[in-house]
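Heads up, the thing below is written out as structure tokens.
Labels below follow one simple rule: chain letters A, B, ... track the order of the sequence lines, proteins then strands, and each chain is numbered from 1.
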Number of protein chains: 2
Amino acid sequence: MKTTRNTAAKTAVLEIFGKSKTALSHTEIQKQIGDLCDRVTIYRILDRLVNDDIVHKIVNLDGTVKYAKCHHHAQRVHIHNHAHFSCENCLEITCLENVKPSYILPHNYKVNDINFTLSGLCPNCLNSNN
Amino acid sequence: MKTTRNTAAKTAVLEIFGKSKTALSHTEIQKQIGDLCDRVTIYRILDRLVNDDIVHKIVNLDGTVKYAKCHHHAQRVHIHNHAHFSCENCLEITCLENVKPSYILPHNYKVNDINFTLSGLCPNCLNSNN
DNA sequence: ATTTTAAAAGCAACTATGTTGCATTAAAAT
DNA sequence: ATTTTAATGCAACATAGTTGCTTTTAAAAT
Ligand SMILES: [Mn+2]
Ligand SMILES: [Mn+2]
Ligand SMILES: [Zn+2]
Ligand SMILES: [Zn+2]
């Protein structure tokens, strides 16, 4: 069993996630980290955090990849089956933890992971853009 | 109104889509196209086909982007709200045209597009792997 | 407290994917 | 046949992510 270590960089990344209400891309994290660590290190930290079910990965229709903290640890089978909203205007991606899709799958499919992303206009942009 | 033209390259791409039962990446199409046209041309054809609602774009959790023919033209509001299945073993992505997620969104969100991708093991790989 | 060990980081080089500008070609309307 | 402009080719660029290898360092063992 390989142990996971608490490094300065990892702590900084987790702190950034803690402060953010929206999902963050590698680049956005890098901007906040500055030169505290190398950009490769951020990639590796994100990989580890995803592996340890501490953050989850969100892939948008435009190809951008973002990460957000998990708010639902207890479960044994850890699937992020909630929706994500991607605003085409402000480009923010938010977890909609309470929006869970229901669907009926044909037999003989084994689902390990779900990516459910809705794009459009978020409440903020819908109001101001009218 | 700008008109769309039928070129040799576009015809070839459409033919490739016609023959394929699974979704195709730019690279996969390029391999089949050979040197019939430049790789940039394939990108531009795919963009046009997506714009014209002839194919739709699928983004997988591993970041790979694939395209598949649309089988549902008639509708006015053209949203590809069906599920896609991405097999972690054979790496094929298939449209599950009949699997449509239902979900309840909070007020004030305007949805323009949906990306709903399930990853796991497809029926083929589930059988042969165990 | 000191030593050990292997996880994590730094750095450079590389790959993969997608984009842009501009000159040239060719589909299709006239 | 001529005209128009969508589409292509090509080169250069941009961005995101990966890999190999050495060095550093967290934390376990002593
Ligand atoms: Mn989420
Ligand atoms: Mn589809
Ligand atoms: Zn917004
Ligand atoms: Zn499979």
Side-chain angles (χ1 to χ4, degrees), chain A residues 1-17 23-68 86 88 91 93 115 117 119, chain B residues 1-17 23-68 86 88 91 93 115 117 119:
Chain A
M1 71 218 93
K2 63 175 171 183
T3 57
T4 183
R5 292 182 185 176
N6 288 317
T7 64
K10 184 183 167 188
T11 308
V13 169
L14 281 176
E15 204 161 307
I16 289 168
F17 273 119
L24 298 167
S25 66
H26 170 271
T27 313
E28 288 165 338
I29 293 168
Q30 201 192 339
K31 267 175 201 148
Q32 292 196 48
I33 285 274
D35 55 357
L36 191 138
C37 72
D38 193 76
R39 60 185 208 95
V40 178
T41 300
I42 299 174
Y43 278 116
R44 297 201 260 229
I45 288 170
L46 289 172
D47 281 353
R48 261 180 286 146
L49 292 177
V50 168
N51 249 287
D52 297 349
D53 286 329
I54 293 166
V55 307
H56 60 282
K57 193 176 173 179
I58 306 155
V59 181
N60 201 29
L61 255 183
D62 66 11
T64 53
V65 173
K66 300 222 178 186
Y67 299 86
S86 160
E88 291 162 357
L91 304 181
I93 295 187
N115 186 35
T117 307
S119 351
Chain B
M1 74 223 88
K2 64 174 168 184
T3 57
T4 183
R5 294 179 184 178
N6 287 318
T7 64
K10 184 183 168 189
T11 307
V13 169
L14 281 176
E15 205 161 306
I16 290 168
F17 273 119
L24 298 167
S25 67
H26 170 272
T27 312
E28 288 165 338
I29 293 167
Q30 202 192 339
K31 268 175 200 147
Q32 291 196 49
I33 285 273
D35 56 356
L36 191 139
C37 73
D38 194 77
R39 61 185 205 96
V40 178
T41 301
I42 300 175
Y43 277 115
R44 296 201 260 229
I45 288 171
L46 289 171
D47 281 353
R48 262 180 286 145
L49 292 178
V50 168
N51 248 287
D52 297 348
D53 285 329
I54 294 167
V55 307
H56 59 282
K57 192 177 175 180
I58 307 154
V59 181
N60 200 30
L61 254 185
D62 65 12
T64 54
V65 173
K66 300 221 176 186
Y67 299 87
S86 160
E88 291 163 357
L91 302 180
I93 295 186
N115 186 36
T117 307
S119 354

Check the distance between D:dG17's P and A:Tyr67's OH and give it to me in whole angstrom.
-> 6 Å

May I ask you to evaluate whether A:Thr4 reaches the phosphate of C:dA7, defined as a side-chain N or O under 4.0 Å from OP1 or OP2?
-> no

Provide, to the nearest angstrom, the distance between the CG atom belonging to A:Asp52 and the C1' atom belonging to C:dA7.
-> 12 Å

Which donor-acceptor pairs under 3.5 Å do side chains of residues 25-44 of chain B form with protein atoms, sequence neighbours excluded?
{"from": "B:Ser25", "atom 1": "OG", "to": "B:Glu28", "atom 2": "N", "distance (Å)": "3.1"}
{"from": "B:Ser25", "atom 1": "OG", "to": "B:Glu28", "atom 2": "OE1", "distance (Å)": "3.4"}
{"from": "B:His26", "atom 1": "NE2", "to": "B:Arg39", "atom 2": "O", "distance (Å)": "3.1"}
{"from": "B:Glu28", "atom 1": "OE1", "to": "B:Ser25", "atom 2": "N", "distance (Å)": "2.7"}
{"from": "B:Glu28", "atom 1": "OE2", "to": "B:Lys66", "atom 2": "NZ", "distance (Å)": "3.2"}
{"from": "B:Asp38", "atom 1": "OD2", "to": "B:Val40", "atom 2": "N", "distance (Å)": "3.0"}

B:Leu91: side-chain contact (heavy atoms from CB on, under 4.5 Å) partners, not counting sequence neighbours | none

Within less than 4.0 Å of OP1 or OP2 of D:dA27, is there a side-chain N or O belonging to A:Thr3?
-> no

Which atom pairs, donor and acceptor, lie under 3.5 Å between side-chain atoms of residues 4-16 of chain A and protein residues at least two apart or in another chain?
{"from": "A:Asn6", "atom 1": "OD1", "to": "A:Lys10", "atom 2": "NZ", "distance (Å)": "3.4"}
{"from": "A:Thr7", "atom 1": "OG1", "to": "A:Lys10", "atom 2": "N", "distance (Å)": "3.2"}
{"from": "A:Thr11", "atom 1": "OG1", "to": "A:Thr7", "atom 2": "O", "distance (Å)": "2.8"}

Would you find a donor on one side and an acceptor on the other, under 3.5 Å apart, between the side chain of A:Asp62 and the backbone of A:Thr64?
-> yes

Smallest separation among heavy atoms of B:Leu61 and A:Val59, with atom names = O-CG2, 3.5 Å

A:Gln30 CD to C:dC11 P, in whole Å, measures 13 Å

Within this structure, what is the CG-to-P distance between A:Leu49 and C:dA8, rounded to whole angstrom?
-> 10 Å

Rounded to whole angstrom units, what separation is found between the CG atom of B:Asp62 and the P atom of D:dA16?
-> 17 Å

Hey, what are the protein-to-nucleotides 8-12 of chain D N/O distances that come in under 3.5 Å?
{"from": "D:dT8", "atom 1": "OP1", "to": "B:Thr7", "atom 2": "OG1", "distance (Å)": "2.8"}
{"from": "D:dT8", "atom 1": "OP2", "to": "B:Arg48", "atom 2": "NH2", "distance (Å)": "2.3"}
{"from": "D:dG9", "atom 1": "OP2", "to": "B:Asp38", "atom 2": "N", "distance (Å)": "2.8"}
{"from": "D:dG9", "atom 1": "OP2", "to": "B:Thr41", "atom 2": "OG1", "distance (Å)": "2.6"}
{"from": "D:dG9", "atom 1": "N7", "to": "B:Arg44", "atom 2": "NH2", "distance (Å)": "3.1"}
{"from": "D:dG9", "atom 1": "O6", "to": "B:Arg44", "atom 2": "NH2", "distance (Å)": "2.7"}
{"from": "D:dC10", "atom 1": "N4", "to": "B:Arg44", "atom 2": "NH2", "distance (Å)": "3.4"}

CD1 of A:Ile42 versus C1' of D:dA16: gap in Å, rounded?
-> 13 Å

Can you measure from CG (A:Leu49) to NZ (A:Lys57) and round to the nearest 0.5 angstrom?
-> 13.0 Å

Filtered N/O pairs between nucleotides 23-25 of chain D and protein, under 3.5 Å:
{"from": "D:dT25", "atom 1": "O2", "to": "A:Arg5", "atom 2": "NH1", "distance (Å)": "3.4"}

Return the minimal non-hydrogen interatomic distance between B:Tyr67 and B:Phe17, and the atom names on each side.
-> O-CE2, 3.2 Å

Roughly how far, to the nearest 0.5 Å, is the CG atom of A:Leu24 from the CD1 atom of A:Ile58?
-> 9.0 Å

Atom CG of B:Leu46 and atom C1' of C:dT19 are separated, to the nearest Å, by 14 Å

Spacing of CG belonging to B:Leu46 relative to CG belonging to B:Asn51, to within rounding of 0.5 Å = 11.5 Å

Using the C1' atoms of the five pairs at each end, what is the angle between the end axes of the helix from C:dA1-D:dT30 to C:dT30-D:dA1, to 10°?
-> 40°

Separation of atom OH in A:Tyr43 from atom P in D:dA16, rounded to whole Å | 6 Å

